[in-house]
Amino acid sequence: MLRAGSEGGWPLAWYLVATERAKAMNWILGIFLGLGCLITIVWVGDGSVLAVSLCLVLSALFCLVLYRFEVERKFILGLFTAGLLVRMLLGAATFVFKLQGFFGGDAYTYDGQGYALLRTWQAHRPFSGTGLEDDSFWGMPYMVAAIYALVGRNMLAVQFVNAVAGAATVLPVYLCAHHIFQSTRVARLAAVLVAFFPSLVLWSSQGLKDAPIILVLAVAMLATLKLGERLSVKYLAVLVGSMLALLSLRFYIFYMVAAAVAGSFVIGMRTISAQSLGRQLFIIICVGLSLTQLGVLSRAGAQLQTYGTLEAVQRSRLDQSQVAGSGFGKDVDVSTTSGALTAIPLGLLYLLFAPFPWQVTNLR
């Protein structure tokens, strides 16, 4: 074992094993994962074999990606296996007890949209009358439709794909943390938190957008950090692809990431020189031209005009506070500038501290 006080020492010993025992630990985790797959197949029944098979295939692809990086492969592999097992069991429980509506009803929406989209592909015709023809319809429904094209209509398969995405996030997070802090201990701790933090485990075991969004965000951050060091066509392509994926999954995050990427290239973590500044500007131009060529900026502009108004924000607030019952301030009107500015102090208070003790009425 590592000595106390060394990097990654005894405070983290609950998850860190000695190098000579890491391989044995991964074998044990692999056995538990196999048992988890068998339990899932027996417990769930119909459709579970295909869902588990797809999960294992994607896990094998993650292993291939992992072995292309110079990292603590045994540690990351063990962490991925443990995180995947936890997510699979929670996802299976959600599926068996039909808790998708309790945790996130959007899973049913994506299931219906994805299946409808799959039928359009199979019929080789446009699908009209259900909103599929809307230009904003892409991203998660296309992902669900692609999964259903492989294994049939199977919500458990979508949950298991998300489980792999959630567990795989440990790799880019580990790499980002190590790049920024140059500390193995920090990188390990960040990866462990991503693997087992309750909210991340919960949302990445459901048929929702959260797992792929977080994974793509982490990959975009990693590509940005790598490009800050040196120009790389590979990481430039990864960054553009990640931003395109973010736009398709949750378009407003695209703007935040675009601003963060541009800012990091201008400010950066290293001493600015004429050569580095020229390289960063060249990368920004390449990213911008790539996104423009792919039609991303025009699509993003159209979505911003549709959803980026105060009137749209007010409609969303009314839906959450009056229909869904999950908002606050039912009488607040933010459709005007003065109304929005008036609501900001109370909004920040709720953002930072809610729910308050008197608002907690159930476990969820």
Side-chain angles (χ1 to χ4, degrees), residues 7-8 11-17 22 25-26 29 33 55 58-59 61-88 90-91 160-206 208-229 232 234-235 237-239 241-243 245-246 249-250 253-254 256-258 260-261 263-264 268-269:
E7 190 172 11
L12 304 178
W14 62 276
Y15 72 85
L16 179 62
V17 296
M25 180 63 70
N26 285 347
L29 288 172
L33 180 62
C55 177
L58 294 177
S59 300
L61 292 177
F62 169 80
C63 293
L64 292 177
V65 173
L66 172 62
Y67 278 85
R68 294 181 63 88
F69 290 92
E70 292 296 329
V71 294
E72 296 178 290
R73 296 191 183 102
K74 294 177 182 178
F75 171 78
I76 296 295
L77 182 59
L79 203 57
F80 168 80
T81 304
L84 177 60
L85 176 60
V86 173
R87 286 164 172 80
M88 286 182 65
L90 180 57
F160 281 2
V161 169
N162 281 341
V164 175
T169 307
V170 299
L171 176 58
V173 166
Y174 178 96
L175 292 170
C176 287
H178 194 278
H179 182 100
I180 295 171
F181 296 100
Q182 296 298 308
S183 168
T184 301
R185 177 179 179 178
V186 171
R188 288 171 175 168
L189 181 58
V192 168
L193 290 175
V194 168
F196 300 116
F197 203 79
S199 61
L200 293 178
V201 171
L202 175 63
W203 297 119
S204 60
S205 62
Q206 310 299 316
L208 303 171
K209 292 181 179 181
D210 302 80
I213 288 174
I214 294 173
L215 174 60
V216 171
L217 272 172
V219 171
M221 295 174 190
L222 176 61
T224 303
L225 291 172
K226 294 295 185 181
L227 288 171
E229 283 190 326
S232 168
K234 177 181 68 175
Y235 282 110
V238 169
L239 178 59
S242 299
M243 295 181 70
L246 282 174
L249 290 166
R250 193 159 285 164
I253 294 183
F254 167 82
M256 303 177 191
V257 172
V261 169
S264 67
M269 296 177 56

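Below, all heavy atoms of this structure are taken into account, side chains as well, without hydrogens, waters or symmetry copies.
L171 CG to C63 SG: the interatomic distance, rounded to the nearest 0.5 Å, is 10.5 Å. From F254, atom CZ reaches atom OG of S242 across 11.5 Å, with rounding to the nearest 0.5 Å. In this structure, T224 OG1 and L239 CG are separated by 4.5 Å, a value rounded to the nearest 0.5 Å. From L217, atom CG reaches atom CG of L222 across 12.5 Å, with rounding to the nearest 0.5 Å. Residue M256 holds its CE atom at 10.0 Å from CZ of R250, rounded to the nearest 0.5 Å. In this structure, the separation between CG on L175 and NZ on K226 is 6.5 Å, given to the nearest 0.5 Å.
Between V194 and R87, the shortest heavy-atom contact is O-NH2, 3.1 Å. Contact detail for C55 and L84: the closest heavy-atom pair is SG-CD1, 3.9 Å. Shortest non-hydrogen contact noted between G166 and S204 is CA-CB, 3.8 Å. L79 and V192 make their closest contact through CD2-N, 3.7 Å (heavy atoms, listed as atom of the first residue, atom of the second, distance). Heavy atoms only, all atoms of each residue included: A167 and G83 are closest at CB-C, 4.1 Å. Closest of all the heavy-atom pairs between P212 and L249 is CB-CD1, 4.1 Å.
A donor-acceptor pair is defined here as one N or O able to donate and one able to accept, closer than 3.5 Å; no such pair exists between the side chain of D210 and the backbone of L200.
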* Asked: Passes side-chain contact (heavy atoms from CB on, under 4.5 Å), L66 versus R68? Steps please.
  -> CA-CA 5 Å; L66 172 62; R68 294 181 63 88; over 6 Å; no
* Chi angles and distances behind the side-chain contact (heavy atoms from CB on, under 4.5 Å) call for V261, V257 -> CA-CA 6 Å; V261 169; V257 172; 3.9 Å; yes
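Evaluation of the ring-ring contact (aromatic ring centres under 6.0 Å, His included) rule for Y235 yields no partner, not counting sequence neighbours. In terms of the ring-ring contact (aromatic ring centres under 6.0 Å, His included) criterion, residue partners of F80 (sequence neighbours excluded) are, by chain and number, F62.
Within the structure, the side-chain hydrogen bond (donor to acceptor under 3.5 Å, both in side chains) test picks out the following pairs touching residues 168-177 (sequence neighbours left out): E72-Y174.
Using a 4.5 Å heavy-atom cutoff, the side chains of F196 and V170 are not in contact. Side-chain contact between I180 and L225: present, with at least one pair of heavy atoms (C-beta onward) separated by less than 4.5 Å.
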